Structure formats: C-alpha cells, structure tokens
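Report on the following structure.
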Amino acid sequence: MYIKTLLYKMIAMKKLHGILAIIIFLFCQCSGPRDGGSTVDAGKIEDPKKLLKTADNLFSRGSYYTAIDYYLRVCELDSGNVYANHQLAEVYYLSRDYANAEGWYIESYTMDPAAYPLDLYMYAKMIKMNGKYDESIKQFERFTKEYKERDKRVYKKLVDNEILGCKFAKEALLDPKKVKLRHLGNTINCAYSDLAPVPMGDTALIYASLRADSVIIKGSNGNFKVTLYKAKKRNNIWVGDGELEGPFNDKKKHTSNGAFSPDSARFYFVRCVEDKAQKMTCSIYLSEFVDNVWQDAEELGSTVNMPGFTSTYPTVGTNKKGLEVLYFVSNRPNGVGGLDIWYVVRDKRTKKFGQAFNARKTINTPADEVTPFYDNENKQLYFSSDGLPGMGGYDVFVTTGMLKKWSVPENLGYPVNSSVDEMYYILREDRETGFIVSNRPGGIALKSETCCDDIYSFRWFNVIRFAIEGIVLDQDDSTRVPMEGSDVSLMLIDSETGEEVFMKSDTTRTERDNIFFFTLGKEMRIKLLAAKKGWLTGSTMASTVGLESSDTLSAIIYIRKITEKAYKIKNIFYDFDSKELREESLPNLDSMVTVLNDNPLIIVEISSHTDSRGSADYNLNLSQKRAESVVKYLAKQGISLERMQPKGYGKSALIKDCSGIAGCPTDESGDCPCHQANRRTEFKIIGELDAPLEYDEDYYDDSDDGDDEE
C-alpha cells in the first residue's frame, strides 16, 4: 500500500499539490493571510514562543507569505530552533519558493537529522526543482543510505522515480524539442496565477485569472475570486478583453477550467467553494448553446460530482460509438492515489452521464494527475503528472487511447517541461500551436520567481506529418475492385507492452473510390483491421518508426467471405492418449485468439479429430476432451465461451484413408504422416452475432484492477 507515503513530509507535499490541483493553482498559496492577516509587525515581537504560535496559526490557515515573516523572526531570535527551521522550509516550499526552501531544508536536517529525517528527501527534491540534476541524484542517493525509518522501502521507490526523472531531464536538456514558448504578456498574465486557457479558433481565447497586483489579504482588500476572462489576438499579440459574458462566472465562487464538447455545443467548466473549515471543493457545470444563446449552467449529477469530493479539469472526446466522453480529475475513493483522471459517458438520448470509471494505472499514479486535454482527432490525451518520471514538479505527458486503454505515457521533453510546474497543455486545431501554463522563471511574479503561474503560447517547428491510405480487397476476387462499406479500424501498437489500442475508424465509400485514410504520428507502429458483415476481418501492419520526412503510406487489406469451410489450426499437439495441450501448441492457439479478437462477431465450432486407430467410442470421447481443452485455453485468453462450441468427431471425419499406405501401422506400434494429418484441430464459423458479446466498457467495469498490482 502507498499509505506510508502520506507521512508528515508527504502530507505537506500533498497539501500543496492537492490545493494546487483542486482549486485553481496558487490561490491558496499566493493569496496571503486567509484569516484576515496579522496587523502586527513580526519584527516588533521579541518573544519566540509568541511568534511561533502566530506563525503556526498562519501556516495552518494557508497564510504562507505572512507566516514566513514570523518563522524568520523566530530563527533570528532562536537560531537553534529546529522546528522553526523545518517549518520555514515547509512554508517556502508551499509558497513555491524552491530556492529558499532548498537552503532551509538542509539547514533543518543538518541541525538534527533524527528530528525530521525526510527533510533530506525534500532537500534533494528542491535541488531537482532548481534544475541541479547531478547534485539532486547525489542527495537522493544519500537519503537512501541515511534514511532508516520503517517506510524505507516506500521511499526507495519514490527516490528511484525521482532519479529516473533527473536522468531524463539531463538527456532532455541536451536534446531540446523544436518548440518555442512565448509569454502572453501582462494584459493577460498578472501577478497572481493565470490558467486554464481554452482557444476559440485562431483569434479568441478563454482563460481564468485572479486579478490582483498585490498580496491579497482576505477580508481587508476585497473579495477576490478566480474568474473566467476572454482575450483577442490583435496584430499577432494577445490582448485581454474583459470578463467572459454568459452564465459562467459566479461572484460567490471561483470559476475556472473550461472545455468545449467536440461539436462546440456544450461548455463544461468548474466552480469551487470553500467551507467554514477552509476545505475547497470543486464541481463541474455544463452550459448548452441553444438558439444562439448559452443556457443557464447546471451542475452535473452525482456520478460526476460525487458529494464530499472534488471534480475538476473537464476535457471531452468521443468513444468508438461516437458518444461523448467526459474526462475529468477527482480525488474520489477507489482511485490509484491522489488526484486521478476519471471518465463518464454521456447518453445521447437521455443526456445523462453514466457511471464514472478510473482511467487506470497506465496513466494514473499514487501521486497527482491533473489538467487533461483530449485531442479527439488523434485520440491522444495530454495531462500533467508529478508521479511519473519528470524534470521536476508537474510535467506534461501524452498517451494515445480512450477510456481505460492507453499507451505508455511519453514525456514531452524540454522546453515544454522544465524543473518546475507545467500544466494545461492544450492544442489548437492546427496541432502545431497551443497554450501551456507554467511557473517557470521569467513570468510575472508576485513574490519568488517561481511563485505564480502564467500562460504561454507555443509553436512546434518542422512538424513531420504522416498519413496512410489504402483499399480493402476480396482475397478470392481476381478483379481487385476495392470494396465498399468496409469498416477500417486503426490500432496503435504500444511500443513497450505490445498491446493494441484503438485510435479511430473509417469506412470505405464509393464517393471517394473506396479508399480509407488516416493521419498518423511519428514513431508509430500500427495495425489496420478491415471488417465487413459476412466477412472474416483482415489486417495489415504499418509503421512510421524511423521515418524522418512527411509521407503518405499505402496499404491493402484482404478480407475473405465467411463460408462453411473448416480452417485447420496447425500444429496442435497432445501426448499420446492425453487431452492436455502441449506447450508447443500454444503459439498457434494464440493466432486463433487473434482471429477471434479481430472478428468479435463470429461464433465458431472448435473441432478435434483422431486418426483411425482405436474404437469409435473411445476416440469420440478423447476428441471431445481435446476440443474442450482448446476452448478452455482460448477462454483464459479472454474469448467468451458463448462464442465457442467444442465438438469431438473422433475418427468419423477422416481426411485421408491410411489403410493402404505403406508404413502406416494399423495398431499403436508407430505413426505416419497420414495418421498425423487426420489428428487435427479445426475451427469452423457457424454463426454471427448482431453485436459483440464482450461487455461494453463504456458502461461496465469488468476488472478489479488486480492485473495492475505490483
């Protein structure tokens, strides 16, 4: 279990990341005193105990900037106070002043290693977030040697992950990606955090901001709320254009994190409220565009907004059936840990959302995953994580897939990512430009140079584009006329796991010469499947791996009409007088698994045959058991039993008469090729389903995630 990672120091980390992700990045960290502030100058107080009590009170309420002043005064008056040194490191970290946090963590640890042993871990982490990767590796390794607590093994995993990130960062800095980031300027970005960019075409932008130019002291200088704004592009410069009109902003709540549906007819966004205990909870709302007017926003139901938990960061795509899928982030129970990415499917008829499912451990980690953006055209999910190996803080990753099936996430590298936080990576329609939010040095800072998030635009250069087009042919038709009405699916083959992940589909049609067409990405291995009612699915492979210039690939997929003909499964071996499959039979049965997976509608008879020797009854019984052993194996590979019918034929359906062949014994004294040919396993298609029998994972979670456990 990962519970031990949530000890004191990790609780502090989660406090930052939880607030950072749940609310709207940096409102709590940069907002100054949340209890109304202190009107007393810390420098005028001489009593360390009184100062420390005030500092702890400010710290507990999230008044980090003011708490710093009080902890500094304590350390000035009582330099040997280990607790004050430790708290000062904590509060600098929580206010995202990594440079100062680095110094105070090692100061605290050096003073008394036994008091706060995790301060060395945090020191190594701060060094990493300050971009000193070699030194960070050294200090992480030192921590592993010196840390002796009961949860040492848990932290060993965390350290290994951090070191992987450091090594990746060093390589990324030596091989920067061909992308340029540009700060949007001070008409959009302000001293506080600016976030959640949502492009509207080429010249308009929605974003969220906390508009203030000085430290906000709650109750004394205004009731500030995060609000949605709009911007326009004029002379190639983004210019702020006031608050977003419509039924979106609420003066009593923080409003942020917008996303349009694929058809732009619905706008999802988030409102956050704070209770008396200062717990911030966020919920997702929806407004629909009807008769050229955005309708009043409605809070989504409990399947999305689970009572007592946060739901935020909506992004929208479609599934294989074209139904709208809402991906979002939540800290609800039964996740992988921290903040996870979840999804729900919207019923087109009822307009209601079904049950929420976790997007699983391929992308979710025990830490936090936030700010997802789904590119529905290419079925790619961009998201930020602090649990995958990265350059520091939140890094942006990309994965291909949908629902629960994803390729292994890929780090977007430098300079998209840096040693601090990068979030809200979002593409525009050209997929060469977009926006990202970062607290990297060089933005507009309220306090430290890494305190606050700003919005940047980006542009990728020398973009290589790939596509594949082709036709579907009848394998038995020599005229080679491309077939109409074939459904072609594009499957991505994960380079690490070999798993096939559905990306998109197309249908061959006469108006375009029965050609299918897909756009592809770089370094992709793909499988194309062509399906048609009454035909066996055909497939072919293609790849863009190693290609260094834009190109359109060509492909031909052959399919065969379903007949009553039986197809032999080659090289299925049994020991003499045994029903058990031999090990060398399994690869050929795996090819049968592929056939059945590629043809989810067919129902097959799995038949087993013996040679002519032995009694009819004995052979019939043995062949039935052998057919059942094949079905049992295929079922273990995930093929529904309802699609397979085992049938033993004994020696009743010989394909060769061996009685007159020299060298073929009539007893059990030997063997011959003729007898071997008769001992065979075959499959025959005996029917078709109207729809696949497998559970539709849009609505039904058929796994307990047991296969994901370490």
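If you read the sequence from its start, that first residue is 1, and numbering goes on from there. Just so we're clear, the structure is a prediction, and the values are computed from it rather than from any experiment.
Looking only at side-chain heavy atoms (C-beta outward), F168 and L164 stay at 4.5 Å or farther from each other.
Remark: R360 fails to qualify as a cation-pi partner of W406 under the 6.0 Å distance and 45° angle criteria applied to the six-membered ring. By the 6.0 Å and 45° rule, K320 stacks over the aromatic ring of F502. Both tests do not hold together for K180 against F461: distance to the six-membered ring centre under 6.0 Å, angle to the ring axis within 45°.
Under 4.0 Å is where a charged nitrogen must lie from a carboxylate oxygen, and between K405 and E499 no such pair does. The pair K128-E135 does not count as a salt bridge, with every side-chain nitrogen at least 4.0 angstrom from each carboxylate oxygen.
Under the salt bridge (Lys or Arg N to Asp or Glu O under 4.0 Å) criterion, K527 pairs with E500, D598, not counting sequence neighbours. Among residues two or more places apart in sequence or in another chain, the side-chain contact (heavy atoms from CB on, under 4.5 Å) test is passed with E171 by none.
Considering T399, T497, T362 in turn, T399 is the only one that fulfils the side-chain hydrogen bond (donor to acceptor under 3.5 Å, both in side chains) rule with S407. Among the candidates Y425, F435, Y374, the single residue satisfying the ring-ring contact (aromatic ring centres under 6.0 Å, His included) test with Y382 is Y425.
Closest approach of S384 to M423, counting heavy atoms only: OG-CA, 3.2 Å.
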**OP:** Decide yes or no on ring pair (Phe, Tyr, Trp, His ring centres under 6.0 Å) for Y121 and Y155, but give the supporting numbers first.
**Re:** CA-CA 9 Å; Y121 174 86; Y155 276 94; 5.4 Å; yes
